[in-house]
Engineer: 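My questions will all concern the structure given below.
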4 protein chains.
Amino acid sequence: MTDSSGGRHEKRRALAERRLLEEGLKLMGVKGVHACKVQEITQAAGVGKGTFFTHFDSKEAFVARLVDQVLGDLARRVRPLGLAPSDAESLLAGMGAVHLRFFQLRPEAAALITQACGRDGGGPQAAERLGRHLDLLAQMLAPAAERLGWPQERVRELALMLFATSVGFFWFGGPLQLGGDTPLALLDRLGRAMARGLAGGEDPPAAS
Amino acid sequence: MTDSSGGRHEKRRALAERRLLEEGLKLMGVKGVHACKVQEITQAAGVGKGTFFTHFDSKEAFVARLVDQVLGDLARRVRPLGLAPSDAESLLAGMGAVHLRFFQLRPEAAALITQACGRDGGGPQAAERLGRHLDLLAQMLAPAAERLGWPQERVRELALMLFATSVGFFWFGGPLQLGGDTPLALLDRLGRAMARGLAGGEDPPAAS
Amino acid sequence: MTDSSGGRHEKRRALAERRLLEEGLKLMGVKGVHACKVQEITQAAGVGKGTFFTHFDSKEAFVARLVDQVLGDLARRVRPLGLAPSDAESLLAGMGAVHLRFFQLRPEAAALITQACGRDGGGPQAAERLGRHLDLLAQMLAPAAERLGWPQERVRELALMLFATSVGFFWFGGPLQLGGDTPLALLDRLGRAMARGLAGGEDPPAAS
Amino acid sequence: MTDSSGGRHEKRRALAERRLLEEGLKLMGVKGVHACKVQEITQAAGVGKGTFFTHFDSKEAFVARLVDQVLGDLARRVRPLGLAPSDAESLLAGMGAVHLRFFQLRPEAAALITQACGRDGGGPQAAERLGRHLDLLAQMLAPAAERLGWPQERVRELALMLFATSVGFFWFGGPLQLGGDTPLALLDRLGRAMARGLAGGEDPPAAS
DNA sequence: CATGAATGAGTTTTCATTCAT
DNA sequence: TATGAATGAAAACTCATTCAT
């Protein structure tokens, strides 16, 4: 009895948490992390205000959690590309395309990441979490980079550029009504173009 | 007589305003637009709290002004590239490089733009101002885009990508200690790479 | 179960609200609506500053509420006079006396009304509310006015004079230490006098 | 030379002061004493903000001065009534009519007096000044009161009622669009009525 | 646990007053 | 003396967080 009712409880609890996260992401994406008040989230999720704090230590922790979730989701889509070996350019193009598509479908995610992982909003945890995402990307890119003559100790920068481009495109595009309706084909072309550019390693040796 | 004393007055006033803007940009870049209080800015600028509001109608107006200033500054460096005719790839590469260098030297500017031109922080004016910057870039890119077979009505997206990449690179890079020390040569290479990629127009025609 | 606990909750809340209103009326009456800070009211009521705004949307709304309450209270004492039919003079005298007695016992109410229903303090709502009170008085006075040959379309002015006299007497009297100790008998005499004067309709027809 | 230029100076100064007072009365009457900012007054008067404080020690002192001026103006019109001896009722009626007419023509004055002489606005000086005005009225009324059997030590209350009625009528009437267009004849009738009432002293002894 | 009322630190903004020119 | 820029003490209001029920 306690078993089943306990299970019920946990089910309800998990459901509430999911709704909180869903609605929170949506609202924060639209109104901004700061402008979005805890109460709005709980109202949208259909729970009491106090409940929020039984699930998350603070608003900041909530944001960090959201960031983690988004980046985890994204990683799940990127990782497979690293399994099937492919040439450097294709890999870059694929990773770029995945990122672009991901954020085109989830502009709120782009908004959240931008606000949370910068200097003001998600605390240090969010930035660290982004760092780990870049590590993943860098790791995937490392072999390709080597073949392209890209300095190994700078692969993170390669990853960063790929990431920043995708997120920034939709973050800045949102308020300008740009990006949301960019045809997938064009988006892919952008991704491939970026890849081809980055992959075309016959640059004159950059004397630092 | 009135000249000299009046001049003094206006000089002092103009100086105070410049310091307010300087310190404000610096602080907002470091701590974030929201976390940066008006009083901190006035203290850093060495003026009283009330003085801030004799120069700017509100904090939001202050931010908008800052955005305008930064983008004006940036435009002044980009525009010349449009005067000397060059091939599409070089133009793209140049514009990318200018943006990257600009924001590498001014990470606070990248931070400000990111926070102010998104959904939360600078009001609608800031986003509009960014729109005008993209118009400038799009106008410069239009001829090149035509030669590359890039759809004319999508040139703003090209501009957006170029811009978002540069700003995002340093916005996300900042807290991760990435980007600040990327050698200029590598930065140029990134710019050129992006350009070459975007310029290499032999993509299969993107069927929307 | 929910009943008892919920009842407690609401009881506490209602109690706090009542104390807020009571203390607010008292303080605003003594120090003036503007000079009286929200925090003073909450302190006097023994609640936190923020609590004030969970009960009232703004200080202005609070004042409007107070005005409504005071005028409602007053109306409850005036209305019965309209039920028992009486001659015009007695009606006027009675209404005047009720008003005078009411505000003598509640100088804070006179102070509040004066400040809130004028051009500065209670917003437009307060003035409107006063308008409705005058409507009530005018409605009660209408039959009497007719008998006195007082133009029907000017009955509101009759009501206004009655009201203004009573409120003004204690508003201006307060700081001058006048009115507070005026014996009831004298007050009644004033009321009756005013009534007799206004009722004595044998004025020569006033050719405007 | 100093003489003539000094005269000029003083002329200008006196002119500025008069304009300040005029515009101040007008503005405060319309917007309320608190809502009316010093800068608005100086702008309306066409002088610099700082100039205000070379003429008046503070905003409060300015209001007190205004009150003094208004009441002085009013007294100048009331006093003559005391010179020509007349019966009690006529005296009361005359004084009432003068007050009513005065404030009908100057609703700003009614507004100013109401706000300044109460508990919040004009400081203690304004209330004292009103006290002196009532003294004048009381002095004029004293003989009449005696004839009417009105207690001599309560004559001030008689004066207060007369005054409060006139001011209050236009203060409360203003926002309600009442009083401003009341025909003079009706106003006089109100005054006379009030007088007749107050004068008719054969009240049955009021058993408190 | 869930709830929502209570809380008060913190923030922007206003405005009378001062003072250098 | 006239001016208006500078000043900072307030004051209303917000909102994340706590806690009694």
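On a predicted model such as this, the values are computed, not experimentally measured, just so you know. Order of the sequence lines fixes the chain letters, A, B, ..., with proteins taken first and strands second; residue numbering starts at 1 for each chain.
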Engineer: Taking only Lys NZ, Arg NE, NH1 and NH2, and the carboxylate oxygens of Asp or Glu, determine whether C:E10 and C:R13 approach each other closer than 4.0 Å.
Structural biologist: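 No salt bridge links C:E10 with C:R13.
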
Engineer: Looking at D:K49, does any N or O in its side chain come under 4.0 Å of the phosphate oxygens OP1/OP2 on F:dT3?
Structural biologist: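 Indeed not, no polar side-chain atom of D:K49 lies that close.
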
Engineer: In chain order, what residues pass the side-chain contact (heavy atoms from CB on, under 4.5 Å) check against D:A14, with sequence neighbours excluded?
Structural biologist: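 Residues passing side-chain contact (heavy atoms from CB on, under 4.5 Å) with D:A14: none at all.
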
Engineer: For the pair made of NE2 in B:H34 and C1' in F:dC15, what is the distance, rounded to whole Å?
Structural biologist: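 B:H34 atom NE2 is separated from F:dC15 atom C1' by 13 Å.
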
Engineer: To the nearest Å, give me how far apart NZ (B:K31) and C1' (E:dG10) are.
Structural biologist: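 Distance, rounded to whole Å: 13 Å.
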
Engineer: Just how far, in rounded Å, is C1' of F:dT3 from CG of D:L20?
Structural biologist: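 Atom CG in D:L20 sits about 13 Å away from atom C1' in F:dT3.
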
Engineer: Pull out every stem in DNA chain F, meaning runs of 3 or more consecutive Watson-Crick or G-U wobble pairs with both distances under 3.5 Å.
Structural biologist: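 In DNA chain F, stems of three or more pairs: E:2-21 with F:2-21.
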
Engineer: Is C:T54 near enough to E:dA5 that one of its side-chain N or O atoms lies under 4.0 angstrom from OP1 or OP2?
Structural biologist: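 Looking at the OP1 and OP2 atoms of E:dA5, neither is under 4.0 Å from any side-chain N or O of C:T54.
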
Engineer: CD1 of D:I41 versus C1' of E:dA16: gap in Å, rounded?
Structural biologist: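 Spelled out: CD1 on D:I41 to C1' on E:dA16 is 11 Å.
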
Engineer: Could you check A:Q125, A:H55, A:E60, A:E17 and say which one makes a side-chain hydrogen bond (donor to acceptor under 3.5 Å, both in side chains) with A:R65?
Structural biologist: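 Single pass found, and it is A:E17.
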
Engineer: What is the distance, rounded to the nearest whole Å, between atom CZ of B:R12 and atom C1' of F:dT7?
Structural biologist: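 About 14 Å, once rounded to whole Å.
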
Engineer: Is any side-chain N or O of C:H55 closer than 4.0 Å to OP1 or OP2 of E:dA6?
Structural biologist: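 For C:H55, the contact criterion (side-chain N or O under 4.0 Å from OP1 or OP2 of E:dA6) is met.
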
Engineer: Over how many whole Å does the gap from B:Q43 atom CD to F:dA6 atom C1' extend?
Structural biologist: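 B:Q43 atom CD is separated from F:dA6 atom C1' by 16 Å.
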
Engineer: Give the rounded distance in Å between these two atoms: CE of C:M28 and P of F:dA11.
Structural biologist: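 Rounded to the whole Å, the gap is 13 Å.
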
Engineer: Write down the distance between NZ (A:K59) and C1' (F:dC15), rounded to a whole number of angstrom.
Structural biologist: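 The answer, rounded to whole Å, is 9 Å.
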
Engineer: Nearest nucleotide by nearest heavy atom, which residue falls closer to the 5' end of DNA chain E, D:V38 or A:G50?
Structural biologist: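 Nearest-nucleotide comparison on DNA chain E picks A:G50.
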
Engineer: Which nucleotide in the set E:dT13, E:dT17, F:dA12 lies at the smallest distance from any side-chain heavy atom of D:S58?
Structural biologist: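 Side chain of D:S58 sits closest to E:dT17.
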
Engineer: With rounding to the nearest 0.5 Å, note down the distance linking CG in A:L27 to CD in A:Q43.
Structural biologist: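 One finds 10.0 Å between CG of A:L27 and CD of A:Q43.
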
Engineer: Among residues two or more places apart or on two chains, list those pairs meeting salt bridge (Lys or Arg N to Asp or Glu O under 4.0 Å) that have a residue in residues 43-52 of chain A.
Structural biologist: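 Those involving residues 43-52 of chain A do not exist here.
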
Engineer: Are the side chains of D:V47 and D:R19 in contact, using a 4.5 Å heavy-atom criterion?
Structural biologist: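 Answer no - side chains too far apart.
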
Engineer: Taking the nucleotide of DNA chain F with the nearest heavy atom to each, does B:G48 or D:G48 sit closer to the 5' end?
Structural biologist: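 Residue closer to the 5' terminus by nearest nucleotide: D:G48.
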
Engineer: To the nearest 0.5 Å, what is the distance between CD on B:E108 and CD on B:E22?
Structural biologist: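 So the CD of B:E108 and the CD of B:E22 are separated by 10.5 Å.
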
Engineer: Where the side chain of D:R13 is defined as all heavy atoms beyond and including C-beta, which of F:dA2, F:dA16, E:dT12 is the nearest nucleotide?
Structural biologist: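 The closest nucleotide is F:dA2.
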
Engineer: How do A:K37 and D:F52 order along DNA chain F: which one's closest nucleotide is nearer the 5' end?
Structural biologist: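 Its nearest nucleotide lies further toward 5', so the answer is D:F52.
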
